[in-house]
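Taking it in order: structure first as structure tokens, then the write-up.
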Amino acid sequence: MRLRYFESKNFGDALNPFIFNTLLPDFFDNDPTIDFFGIGSILGFDMVANARRKVVFSSGFAYGTKPKINDSYDIICVRGPLTAKALNLDSKLAIVDGAMLLNCFPIPKQEKKYDYSFMPHWESELKFDWKSICVKTGIHYISPMQGYQQTIQEIQKSKVVIAEAMHAAIVADSLRVPWIPVKAYQGINDFKWSDWTSSLDLPYTPNRIPSLFCNTQFVRDICKKKIFKGVPSEVYGLGLKAFELYQRISDLPLAYKMLEETKWKKQFLSDDGVLHSKVNHLRDRIDYLRLKYQI
């Protein structure tokens with residue numbers, strides 16, 4: 001059986017080998033006969049549809065083509081009730097995101113160092129230098145594309161996590177760190193967030209912060225020079241698109257203000273009993289999986 005997931009530098013996806021190789025040692029090999037799909041909103045991806053046989057453990061649906069569940073699928077569990085409903089699955093198969101299994105890992109505790117930390121979605125980090133915003137507002141910045149071990153430690157060291165990246169909130173919750181959801185870009189998927197939060201009897205009510213773009217060298221230079229008033233004559237030579245980007249850069253003072261205000265927004269943390277019930281249910285499903293495939 002092969003362990004399959006969306007391979008990227010994204011923190012949430014990178015948790016797959018760490019969690020499942022730890023809980024299922026010597027379970028996976030390179031046999032393409034059966035593919036195991038774990039953490040991620042991947043059930044609409046071709047990589048799943050094209051697999052000969054697929055074992056699904058805590059995965060979610062949010063993007064791509066809605067799959068037609070047939071005999072090639074062995075659904076052990078899915079991320080939440082919205083995924084189960086979308087795929088016409090028994091609601092009992094909806095448990096919670098598999099990353100919450102970190103709650104039962106023997107992860108050494110860390111001394112609190114940061115009052116607030118912010119992790120953007122990995123695509124947001126590509127659009128703008130959010131770390132510079134955090135420096136201005138006294139918030140610790142956690143990159144969604146650094147190593148998972150460092151990220152887990154930095155979440156543990158935080159008193160509160162401001163999360164645009166869903167797995168920043170998931171890992172924070174599993175490690176009992178309060179979190180505040182934010183949303184800067186329309187590309188942030190409300191469905192997958194609500195799928196996860198509803199599995200824990202929580203709402204998804206993100207706080208809006210400005211969308212910022214800095215994807216041309218000239219606009220990057222504007223950012224560094226902190227030119228916010230008026231439009232430099234050089235902009236006109238770059239065309240309308242560059243001018244629109246410059247206009248978004250002019251939202252920087254608002255971004256500082258709104259991210260700063262986020263510190264006082266409502267914090268979320270799932271109920272201890274609900275979390276432990278969900279994690280125990282996932283562990284039972286792990287045991288069932290191991291027994292079913294005789295490993």
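Note that the structure is predicted; figures quoted are calculated from it, not measured.
Put simply, CD1 on I69 and CG on L89 are 5.5 Å apart, with the number rounded to the nearest 0.5 Å. A distance of 10.5 Å separates NZ of K109 from CG of L175, quoted to the nearest 0.5 Å. A distance of 5.5 Å separates CG in L15 from CD1 in I152, rounded to the nearest 0.5 Å. Rounded to the nearest 0.5 angstrom, S174 OG and I107 CD1 are separated by 7.0 Å. Atom CG of L202 and atom OG of S194 lie 11.0 Å apart (nearest 0.5 Å). With rounding to the nearest 0.5 angstrom, the NZ atom of K278 is 13.0 Å from the CG atom of L101.
N189 has its side chain out of reach of M166: every pair of non-hydrogen atoms, C-beta onward, lies at least 4.5 Å apart. In this structure, I209 and T262 have side chains that are in contact, with non-hydrogen atoms separated by less than 4.5 Å. Using a 4.5 Å cut-off on side-chain heavy atoms (C-beta onward), Y293 and I34 make contact. Using a 4.5 Å heavy-atom threshold, the side chains of W193 and I188 count as touching. Under the 4.5 Å side-chain criterion, counting only non-hydrogen atoms from C-beta, M1 is in contact with F27. For the pair P144/P120, a side-chain contact is recorded, criterion being any heavy-atom separation below 4.5 Å from C-beta on.
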Stepwise, does the salt bridge (charged side-chain N to carboxylate O under 4.0 Å, His left out) test hold for K265 with E261? CA-CA 7 Å; K265 300 296 184 179; E261 290 175 347; 5.5 Å; no
Take N207 and M258 through the test side chain to side chain contact (heavy atoms under 4.5 Å, CB included) and record every step on the way to the result. CA-CA 9 Å; N207 301 282; M258 294 183 72; over 6 Å; no
Start with the C-alpha distance between F11 and I142, add both sets of side-chain angles, then the distance that settles side chain to side chain contact (heavy atoms under 4.5 Å, CB included), and finish with yes or no. CA-CA 10 Å; F11 167 60; I142 303 177; over 6 Å; no
Check the pair F105 / F18 against side chain to side chain contact (heavy atoms under 4.5 Å, CB included), numbers first and verdict last. CA-CA 11 Å; F105 276 44; F18 171 55; 3.9 Å; yes
Does Y141 form a side chain to side chain contact (heavy atoms under 4.5 Å, CB included) with S117? I'd like the steps, not just the answer. CA-CA 6 Å; Y141 183 79; S117 292; over 6 Å; no
Walk me through whether K263 and D115 qualify under salt bridge (charged side-chain N to carboxylate O under 4.0 Å, His left out). CA-CA 9 Å; K263 296 177 182 178; D115 289 333; over 6 Å; no
Apply side-chain hydrogen bond (donor to acceptor under 3.5 Å, both in side chains) to the pair Q146 and T151, showing each step before the final yes or no. CA-CA 7 Å; Q146 66 186 8; T151 300; 3.2 Å; yes
Could you go through H167 and D97, starting from their C-alpha distance and side-chain angles, then the distance that decides it, and tell me whether this counts as side-chain hydrogen bond (donor to acceptor under 3.5 Å, both in side chains)? CA-CA 9 Å; H167 277 93; D97 191 282; 3.2 Å; yes
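With hydrogens and angles ignored, the 3.5 Å screen pairs a side-chain donor or acceptor of N16 with a backbone N or O of D13. Listed for the S277 side chain is no donor-acceptor partner under 3.5 Å among the backbone atoms of V274. With E164 contributing its side chain and A184 its backbone, the two residues share a donor-acceptor pair below 3.5 Å. For the pair Y185 (side chain) and L212 (backbone), a donor-acceptor distance under 3.5 Å is present. The backbone N or O of D129 sits less than 3.5 Å from a side-chain atom of S132, completing a donor-acceptor pair.
Here the closest heavy-atom approach between residue L282 and residue F57 is recorded as O-CZ, 3.6 Å. Shortest non-hydrogen contact noted between L200 and M100 is CD1-SD, 3.8 Å. Shortest non-hydrogen contact noted between K92 and H281 is O-CE1, 4.3 Å. In this structure, K66 and A86 approach most closely via the heavy-atom pair CD-O, 3.1 Å. Looking at every heavy atom in both residues, R290 comes nearest to L24 through NH2-CD2, 4.0 Å. In terms of heavy-atom proximity, A99 sits nearest to I19 at CA-CD1, 3.7 Å.
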With a cut-off of 3.5 Å and sequence neighbours excluded, list every side-chain donor-acceptor pair involving residues 39-53.
residue : atom : partner : partner atom : Å
S41     : OG   : R79     : NH1          : 2.8
S41     : OG   : R79     : NH2          : 3.3
N50     : ND2  : D46     : O            : 3.2

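By the 6.0 Å contact criterion, CZ on R176 is enclosed, its count of non-hydrogen atoms from other residues, nucleotides or ligands being greater than 12. Within a 6.0 Å sphere centred on CG of D31, heavy atoms belonging to other residues, nucleotides or ligands number more than 12. Counting heavy-atom neighbours within 6.0 Å of D71 CG, excluding the residue itself, gives a total of 12 or less. More than 12 heavy atoms of other shown residues, nucleotides or ligands fall within 6.0 angstrom of atom NZ in K112.
A centroid separation of less than 6.0 Å is found between the aromatic rings of F36 and F20.
Of the charged side-chain nitrogens involved, none lies within less than 4.0 Å of a carboxylate oxygen, so that D35 and K54 do not count as a salt-bridged pair. Under a 4.0 Å N-O distance rule, the pair K192/D195 does not qualify as a salt bridge.
Taking hydrophobic clusters as Ile, Leu, Val, Met, Phe, Trp and Tyr residues chained together by side-chain heavy-atom distances below 4.5 Å, V171 shares a cluster with F268.
By the 30° and 60° cut-offs, the orientation of the rings of H140 relative to Y114 is parallel.
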